[in-house]
Enquirer: 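Have a look at the structure that comes next, please.
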Amino acid sequence: MIFVPLLHYFKCKNIYSGNEYGLRYRLTPGKRSVPDPEGGEGAQKEESILTLDYWSDPWTLEMTDPALRHQEVFPLTDTGRNAVAERLKAVFDADPEGWKNCPDMMDCDPWTPPEPDPEDDAAEQK
């Protein structure tokens, strides 16, 4: 069962992570700047958001290939929280057997970032 904590949990700046079979997810509260139409040209205001990251087993987000990670942003409101829960349910329901049959840690290696190109390092030092 996919669980999304109450809005108050996120308003207290808590991060939540969970999983449904092989579907792993993390919810992170934060803020972003958006244009303020009432403030005139170029004016910005801050908006509270809830960022949803989801990916497949077996590794943590940081050890999963970026091509297999997904990120979506929702407003930090009850409506946004409900939209996150609906989105996670839709993602799972789109391929339940795929999520239930993710590879095991023993069957694959974690993703590691590519080694920096020595030519790029030399160019940066000049």
Side-chain angles (χ1 to χ4, degrees):
M1 180 176 129
I2 293 174
F3 176 76
V4 177
L6 296 174
L7 184 61
H8 178 73
Y9 180 87
F10 297 113
K11 291 207 173 202
C12 291
K13 301 180 182 176
N14 293 309
I15 296 171
Y16 180 80
S17 61
N19 71 300
E20 180 73 10
Y21 292 97
L23 170 62
R24 292 181 176 225
Y25 58 96
R26 180 170 67 187
L27 303 168
T28 309
K31 295 195 180 285
R32 70 175 172 189
S33 293
V34 294
D36 184 3
E38 298 174 8
E41 190 174 326
Q44 298 281 313
K45 67 178 181 177
E46 279 197 340
E47 166 182 83
S48 295
I49 59 171
L50 185 58
T51 303
L52 164 64
D53 292 289
Y54 63 93
W55 65 99
S56 64
D57 266 350
W59 305 105
T60 64
L61 181 63
E62 295 76 18
M63 300 304 281
T64 300
D65 184 343
L68 302 174
R69 304 178 202 169
H70 305 277
Q71 186 176 81
E72 298 179 31
V73 176
F74 297 85
L76 188 58
T77 62
D78 273 324
T79 302
R81 180 191 156 277
N82 291 334
V84 166
E86 289 172 14
R87 179 65 180 139
L88 284 169
K89 183 177 181 336
V91 167
F92 183 80
D93 289 345
D95 186 17
E97 288 307 311
W99 294 114
K100 291 178 182 178
N101 295 308
C102 288
D104 187 79
M105 280 185 178
M106 303 307 285
D107 298 331
C108 61
D109 293 323
W111 174 81
T112 54
E115 293 292 323
D117 188 1
E119 292 176 8
D120 290 343
D121 290 343
E124 287 179 10
Q125 292 177 357
K126 289 183 181 180

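Worth knowing before you read on, the calculation uses all heavy atoms, side chains too, and leaves out hydrogens, waters and symmetry mates. It should be emphasised that the depicted structure is a prediction, and the values quoted were computed from it without experimental measurement.
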Enquirer: Please confirm whether the backbone N or O of G22 pairs with a side-chain atom of N19, one donor and one acceptor, at under 3.5 Å?
Expert: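 Flag not set: sc N19 to bb G22 has no pair under 3.5 Å.
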
Enquirer: Checking side chain to side chain contact (heavy atoms under 4.5 Å, CB included) for the pair T28/Y16: CA distance, chi angles, key distance, verdict?
Expert: CA-CA 7 Å; T28 309; Y16 180 80; over 6 Å; no

Enquirer: A side-chain contact here means heavy atoms from C-beta on lying under 4.5 Å apart; do W55 and R26 qualify?
Expert: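 Yes, side chains in contact.
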
Enquirer: Taking all heavy atoms of S48 and all of K31, pick out the closest pair and write down the distance.
Expert: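 In this case the closest contact between S48 and K31 is OG-NZ, 3.1 Å.
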
Enquirer: Nearest 0.5 Å, please: how far is CD1 in I2 from CD in E86?
Expert: 11.5 Å

Enquirer: With the side chain counted from C-beta on, respond yes when T51 and F74 share a heavy-atom pair under 4.5 Å apart, and no when they do not.
Expert: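 T51 does not reach F74 side chain to side chain.
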
Enquirer: Taking only residues two or more places apart in sequence, or in another chain, which ones meet E47 in a salt bridge (charged side-chain N to carboxylate O under 4.0 Å, His left out)?
Expert: R32

Enquirer: Is there side-chain contact between S17 and Y25, with at least one heavy-atom pair below 4.5 Å?
Expert: no

Enquirer: Are there more than 12 heavy atoms of other residues, nucleotides or ligands under 6.0 Å from atom NZ of K100?
Expert: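 It does: K100 NZ has more than 12 such atoms within range.
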
Enquirer: So that I can tick it off, tell me whether R69 and D53 are bridged by a salt bridge, with the cut-off set at under 4.0 angstrom between side-chain N and carboxylate O.
Expert: no

Enquirer: Starting at OG1 of T64, measure out to NE2 of H70 and round the result to the nearest 0.5 Å.
Expert: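 Rounded to the nearest 0.5 Å, the OG1-NE2 separation comes to 10.5 Å.
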
Enquirer: Under a 4.5 Å cut-off applied to non-hydrogen side-chain atoms, are L6 and R81 in contact?
Expert: yes

Enquirer: Applying ring-ring contact (aromatic ring centres under 6.0 Å, His included), can you list everything that pairs with F10, at least two apart in sequence or on another chain?
Expert: none

Enquirer: Would you name the heavy atoms of R24 and T60 that are closest together and state the gap between them?
Expert: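 Taking R24 first and T60 second, the nearest heavy atoms are NH1-N, 4.3 Å.
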
Enquirer: Any side-chain heavy atom of L76 within less than 4.5 Å of one from I49?
Expert: no

Enquirer: Side chains of N101 and Y21: closer than 4.5 Å at any heavy-atom pair?
Expert: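 Sidechains of Y21 and N101: no contact.
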
Enquirer: Could you point out which residue of D93, V91, D57 forms a side chain to side chain contact (heavy atoms under 4.5 Å, CB included) with W99?
Expert: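 One option only clears the test, and that one is V91.
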
Enquirer: Using 0.5 Å steps for rounding, measure from the CD atom of Q71 to the CG atom of L61.
Expert: 8.5 Å

Enquirer: On a heavy-atom basis, which atom in L52 and which in L27 lie closest, and how many Å separate them?
Expert: CD1-CD2, 3.5 Å

Enquirer: Could you check whether any side-chain heavy atom of E20 comes within less than 4.5 Å of a side-chain heavy atom of F3, counting everything from C-beta outward?
Expert: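 Side chain of E20 against side chain of F3, heavy atoms only: no contact under 4.5 Å found.
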
Enquirer: Decide yes or no for L50 and V73: does some side-chain heavy atom of the first lie under 4.5 Å from some side-chain heavy atom of the second?
Expert: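 A side-chain contact is absent here, since even the closest heavy-atom pair is not under 4.5 Å.
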
Enquirer: Within the side chain of Y9, is there an N or O that forms a donor-acceptor pair under 3.5 Å with the backbone of V4?
Expert: no

Enquirer: Between G80 and T77, what is the shortest heavy-atom contact and its length?
Expert: N-OG1, 3.0 Å

